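Note that the coordinates shown come from a computational prediction; the quantities given were computed from them, not determined experimentally. Chain identifiers are assigned alphabetically (A, B, ...) following the order of the sequence lines, protein sequences preceding nucleic acid strands; residue numbering begins at 1 within each chain.
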Amino acid sequence: MIPRWLWVPAALGAAFLLLPLVALVARVDWAHFPELITSPASRDALWLSLRTSAASTLLCILLGTPMAMVLARTSFPGQGVLRSLVLLPLVLPPVVGGIALLYTFGRRGLLGHELDVLGVQVAFSTTAVVMAQTFVAMPFLVVSLEGALRTAGRRYDVVAASLGARPTTVFRRVTMPLVLPGLVSGAVLAFARSLGEFGATITFAGSLQGVTRTLPLEIYQLRETDVDAAVALSLVLVVVAVLVIGFARQGRGSL
Amino acid sequence: MKKPLLVLLALALPLAPSLTACSSDDGAGDDTLTVYAAASLTPTFTELAKQFEAEHEGVDVRLSFGGSSDLATQIQNGAPADVFASADTATMDELVQDDLTAADPQDFATNTLEIAVPPGDPAHVSYLADLARPGLKLVICAPEVPCGAAAQQVARLAGITLDPVSEEQSVTDVLGKVTSGEADAGLVYVTDVKAAGDAVEGVPFAESKKVVNTYPIAPVADSGQSDLAQEFVDLVLSDAGQQVLRDAGFGKS
């Protein structure tokens with residue numbers, strides 16, 4: 001039961017969020033849609049986006065899962081501060097993240113010299129795109145998984161341990177299966193965030209077809225010269241986003 | 001139950017003054033001149049706007065800088081610009097075709113390309129041909145952007161093929177990659193190298209003289225500030241205005 005007048009601002013808010021999507025769909029040049037989204041540049045961008053987002057999601061899982069465990073299941077001085085700092089990329093403008101990455105891993109960055117000695121140059125490479133995406137997407141996985149871990153509680157872990165299971169066995173056979181839905185929805189969110197990443201990528205990785213020009217960069221580039229193609233590719237991203245949300249909702253539903 | 005109402009009020013309060021401010025913009029008594037100018041004009045037009053404000057008491061000049069085609073798109077979509085200065089004639093021609101200019105555009109400056117390298121020139125770039133050297137990290141503008149089109153043109157004239165590690169959306173993005181030392185070299189305008197000061201070094205090359213970008217300026221149609229708009233255009237074309245542009249490295253049109 002809510003006050004009836006709340007419906008008015010709620011409807012306004014919904015219209016504000018949905019109308020632009022309707023306008024975007026209305027602007028699509030359907031007659032040329034297939035050609036627009038299958039041009040070599042578009043296909044390169046889409047394929048690059050999917051590949052890099054998959055790689056960064058995997059990195060988020062590999063590094064984010066242990067981080068969520070540490071944050072949810074241990075306590076040490078300064079943990080609260082650490083958690084806030086780890087979640088910083090959530091609220092940081094991505095372009096700031098890009099600059100920070102540049103001054104860390106760039107040629108003249110904090111680790112640039114060491115990387116150079118090892119023969120590693122990340123700037124302008126697909127690796128840089130994956131790093132930018134991982135930087136902005138990791139907090140989504142950590143938040144989602146930490147929440148799931150706290151909700152699941154420790155009871156089953158304690159029981160398993162009391163029955164003689166080693167910590168690694170408990171982690172693999174009890175904790176992870178319990179929070180799998182949380183992990184899946186966190187991974188889906190991280191994937192979606194990676195797919196949409198723009199600011200950090202253009203600052204840190206540059207823009208070159210097939211190497212660093214992901215779908216959002218391609219759209220940004222096209223919007224001046226080929227509006228129809230930009231709109232068509234935008235729609236592709238909207239469809240992917242809708243699929244992702246549907247998928248994430250299902251993941252949560254099974255919790 | 002009270003909380004949502006309070007939140008709504010808090011959200012609505014800052015909206016109220018801005019809504020009234022929007023409507024007063026259309027009034028004739030408001031003395032704000034809005035100038036849309038290509039990103040490469042940032043230092044010079046900031047200076048000229050100050051001069052204009054000093055000469056016209058009570059007039060406030062608002063500046064919006066960006067890629068020329070970006071700004072043109074905004075004006076085509078109804079952005080409240082009074083004056084438009086473009087970095088190339090093609091973009092201005094689009095506005096003329098759409099009847100969005102109040103007077104014929106006038107060319108007021110020219111610009112040519114220069115190679116920008118990080119201080120000390122670590123990759124030893126001395127000629128245009130050096131940009132085609134394998135392994136050199138070269139950053140240029142995308143071919144769709146005026147500075148990128150110019151870069152392709154000089155490469156064609158010199159008979160070399162550019163193989164950049166990145167094609168950026170604007171000349172400032174190219175400069176950023178050079179100043180941070182990520183790129184060994186970038187192709188930007190002479191004026192960008194000058195404006196960047198010690199952050200980059202410029203390497204002039206002979207072929208640049210053959211590819212000249214011309215900057216046109218025009219008052220925008222239906223501006224509501226047509227007199228002030230024309231006066232600003234006149235200032236840019238005046239000896240004083242031209243001197244500011246010369247000092248920044250622009251050529252005479």
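The side chain to side chain donor-acceptor pair (under 3.5 Å) search around A/D29 returns A/H32, not counting sequence neighbours.
At a 4.5 Å heavy-atom cutoff, the contact between A/Q121 and chain B is made by side-chain atoms alone. Contact of B/A72 with chain A is not made at all, since no heavy-atom distance falls under 4.5 Å. Heavy-atom distances place the backbone of A/T203, and not its side chain, under 4.5 Å from chain B.
Salt bridge annotation for A/R213-B/E167: present, with a cationic side-chain nitrogen under 4.0 angstrom from a carboxylate oxygen.
At most 12 heavy atoms of other shown residues, nucleotides or ligands fall within 6.0 angstrom of atom CG in B/D163. Within a 6.0 Å sphere centred on CH2 of A/W7, heavy atoms belonging to other residues, nucleotides or ligands number 12 at most. The neighbour count for B/D98 CG, taken as heavy atoms of other residues, nucleotides or ligands under 6.0 Å away, is above 12.
Between B/E168 and A/I202 the shortest heavy-atom distance is OE1-O, 4.3 Å.
Between A/R108 and B/P118, the closest side-chain pair of non-hydrogen atoms falls below 4.5 Å. With a 4.5 Å cut-off on side-chain heavy atoms, B/K177 and A/F124 count as touching.
Most heavy-atom pairs under 4.5 Å with chain B: of the set A/T212, A/I99, A/L102, this distinction falls to A/L102.
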Stepwise side-chain contact (heavy atoms from CB on, under 4.5 Å) test for B/D184 and A/R107: CA-CA 10 Å; B/D184 295 322; A/R107 222 193 240 180; 2.6 Å; yes
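Rounding to the nearest 0.5 Å gives a distance of 6.5 Å between OG of B/S166 and CG of A/L208. For the atom pair CD (B/E144) and CZ (A/R223), the distance works out to 11.0 Å, reported to the nearest 0.5 Å.
Residue pairs meeting the ring-ring contact (aromatic ring centres under 6.0 Å, His included) criterion with at least one member in residues 91-120 of chain A: none, sequence neighbours excluded.
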